[in-house]
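All values below come from the heavy atoms of this structure, side chains included, with hydrogens, waters and symmetry mates left out. Each chain gets a letter, A, B and so on, in the order the sequences are listed, and its residues count up from 1.
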There are 2 protein chains.
Amino acid sequence: MGVAERRAREKEELRQKILDAAGQLFVEEGFANVSVRKIADRIEYSPATIYLYFKDKTELFSSLCWETFSGLKAELDRLEGEAGDPLAGLRRGLRAYIDFGIAHPNHYLLTFCTPVDHSAGKVMDNFQEINRVGLETFDHLQRALDRCRQSGQLAFEDLNTTSQVVWTFIHGTTSLLILNSGDPHFPWVPPEQLIESSLDLILRGLSPAR
Amino acid sequence: MGVAERRAREKEELRQKILDAAGQLFVEEGFANVSVRKIADRIEYSPATIYLYFKDKTELFSSLCWETFSGLKAELDRLEGEAGDPLAGLRRGLRAYIDFGIAHPNHYLLTFCTPVDHSAGKVMDNFQEINRVGLETFDHLQRALDRCRQSGQLAFEDLNTTSQVVWTFIHGTTSLLILNSGDPHFPWVPPEQLIESSLDLILRGLSPAR
DNA sequence: TTGACAAACTGAACGGCGTTCTGTTAATTA
DNA sequence: TAATTAACAGAACGCCGTTCAGTTTGTCAA
């Protein structure tokens, strides 16, 4: 009964081939500029075939985003493993998040800068998967902040609120670095300076009375 | 020779009619879900006519964004006019920005959360107009921060860098409030709390040694 | 008043999109 | 070998942004 296994393996191979082609185009040209037809062309299958493997274009790309953001989670896990100064650890985590966004701009934009319809029946299976990863990422931040509070290096009232505030801040930094870094009409300071100053400001704002 | 004037007036009226219809649809359904044909339907003209008044769909909507963001500039001008405590003024300005984004979510997303091709020949006349308004908004922030430094209520090194950092932060707050406020999968704190805590953190991070 | 002219506007089309339906091919099973 | 099933493709549907050739409409000089 090795037939079924081989079939399943072949099916999985094509699925991965679609994902690879889509991922490459996606990184090169961004979500909006990649059509299902283009992906089909590149792997030399018909567009209809893609719909045998993915419900629609959105699901295809959210699969890719999920894969990518799993990488961020792994990176944060790794960082959390390294015992060390809590404050330095927090800072490294925040940097990892920003660097990750800049390294995967299209995934980041699709995941965090695109309207999603949360209303009614719209379940969005894959986006829930992503959200799971997102939540785990958020938990990392929350734990890191908590460690800093316990070590007395930071001080704040509500952990949940503070975590959300910090997240929105680094999200702002990340998304603007992705979107506007090439804007010649605005006198942007160098990215490195913007990032470091941002982290400085956040940590200063959370530091105990000086 | 009042003919030419009347003609020009009529032309301007239709232009405004297009903008009104587009603006309404735009607010109701978001950029991606509004087609040129839908706008044409609503004003009972052919789609082709719209292209006699606007170069393309992008230009149409960036005109709307420009109009809208002029409103923000006016609001900030008004606030700057009211003499008063610099720190309180800064805080009011930041709040005005966030409130404005939440009040005009689609305009905000299109202006600040959509990739723009800054490369080569892409001049984007209208986006330059928007950018002018954006720059003026940024100047407001910069001046407000400078006043706080001069009054001794805040302390920081580089004004330009600090202004950009603060802007990216409130942009993060604004954009996430717009995009994810309805997400049932994430335990968001109430918007009001997120906003106020964000402002607290920023101002605390910039306050002189305590 | 008439005819030339220009401006305003439209119908129809182009090429592309996401997606679905129907049919064909090829491999497996009985 | 015949029946069954899974994988796949061609063609189409109904959208989209945009363009272009042509028609209507109003104005002005003769």
Quick one: A:L25 CG to C:dC17 P, roughly how many Å, whole number? 12 Å
Looking at DNA chain D, which of residues 10-17 of chain A put a heavy atom within less than 4.0 Å of it? A:K11, A:L14
To the nearest angstrom, how far is B:K57 atom NZ from D:dT19 atom P? 15 Å
What is the distance, to the nearest angstrom, from the CD1 atom on A:I43 to the P atom on D:dA7? 15 Å
Determine to 10° how strongly the helix from C:dT1-D:dA30 to C:dA30-D:dT1 is bent, judged from the axes of its five-pair ends. 30°
Tell me what A:Y53 touches on the nucleic acid: a base, only sugar-phosphate, or nothing, going by heavy atoms under 4.0 Å. sugar-phosphate
Is A:E75 salt-bridged to A:R78, going by a charged N under 4.0 Å from an acidic O? yes
Ionic contact status for A:D20 with A:R15, cut-off 4.0 Å: no
Can you list, by residue number, the residues of residues 30-39 of chain A that have a non-hydrogen atom closer than 4.0 angstrom to DNA chain D? A:R37
Take the protein atom CD of B:E44 and the nucleotide atom P of C:dG11, then report the distance between them rounded to whole Å. 13 Å
So, is the end of the B:K11 side chain (NZ or CZ) under 6.0 Å from the ring centre of B:Y53 and within 45° of the ring's axis? yes
Just list the side-chain donor-acceptor pairs under 3.5 Å for residues 38-50 of chain A, sequence neighbours left out, or say none.
{"from": "A:K38", "atom 1": "NZ", "to": "A:E29", "atom 2": "OE1", "distance (Å)": "3.1"}
{"from": "A:K38", "atom 1": "NZ", "to": "A:N33", "atom 2": "O", "distance (Å)": "2.7"}
{"from": "A:S46", "atom 1": "OG", "to": "A:A48", "atom 2": "N", "distance (Å)": "3.0"}

To the nearest Å, how far apart are A:I50 CD1 and D:dA7 P? 16 Å
Roughly, in whole Å, what's the span from CG in A:D56 to P in C:dT20? 8 Å
Are B:T161 and A:Q193 close enough, and set up right, to give a side-chain hydrogen bond (donor to acceptor under 3.5 Å, both in side chains), and what steps lead you there? CA-CA 8 Å; B:T161 304; A:Q193 187 179 336; 2.7 Å; yes
With a 6.0 Å cut-off (strictly less than), is the heavy-atom count around CD of A:E82, excluding the residue itself, greater than 12? yes
Nearest-neighbour nucleotide for the B:S46 side chain, D:dT18, C:dT10, D:dA9 considered: C:dT10
From C-beta outward on B:Y51, which listed nucleotide comes closest to its side chain: D:dT18, D:dG10, C:dG11? D:dT18
Going by the angle between their ring planes, with limits at 30° and 60°, are B:F26 and B:F31 parallel, tilted or perpendicular? perpendicular
Closest of C:dT19, D:dT19, D:dC8 to the B:A48 side chain is D:dT19
So, does B:W167 use its side chain to make a donor-acceptor pair with the main chain of B:F138 at under 3.5 Å? no
So, are B:E13 and B:K17 salt-bridged, with charged N and O less than 4.0 Å apart? no
With A:Q164 as partner, the option from B:L194, B:T173, B:L176 fulfilling side-chain contact (heavy atoms from CB on, under 4.5 Å) is B:L194
Which residue pairs pass the salt bridge (charged side-chain N to carboxylate O under 4.0 Å, His left out) test with at least one member in residues 95-108 of chain B, sequence neighbours excluded? B:R95-B:D99, B:R95-B:E192, B:R95-B:E196
How close or far is atom C1' of D:dC16 from atom CG of B:L60, stated in whole angstroms? 15 Å
Which residues satisfy the side-chain contact (heavy atoms from CB on, under 4.5 Å) test with B:R143, sequence neighbours excluded? B:E80, B:D139, B:H140, B:R147
Measure the distance from NZ on B:K55 to C1' on D:dT18 and round it to the nearest whole Å. 12 Å
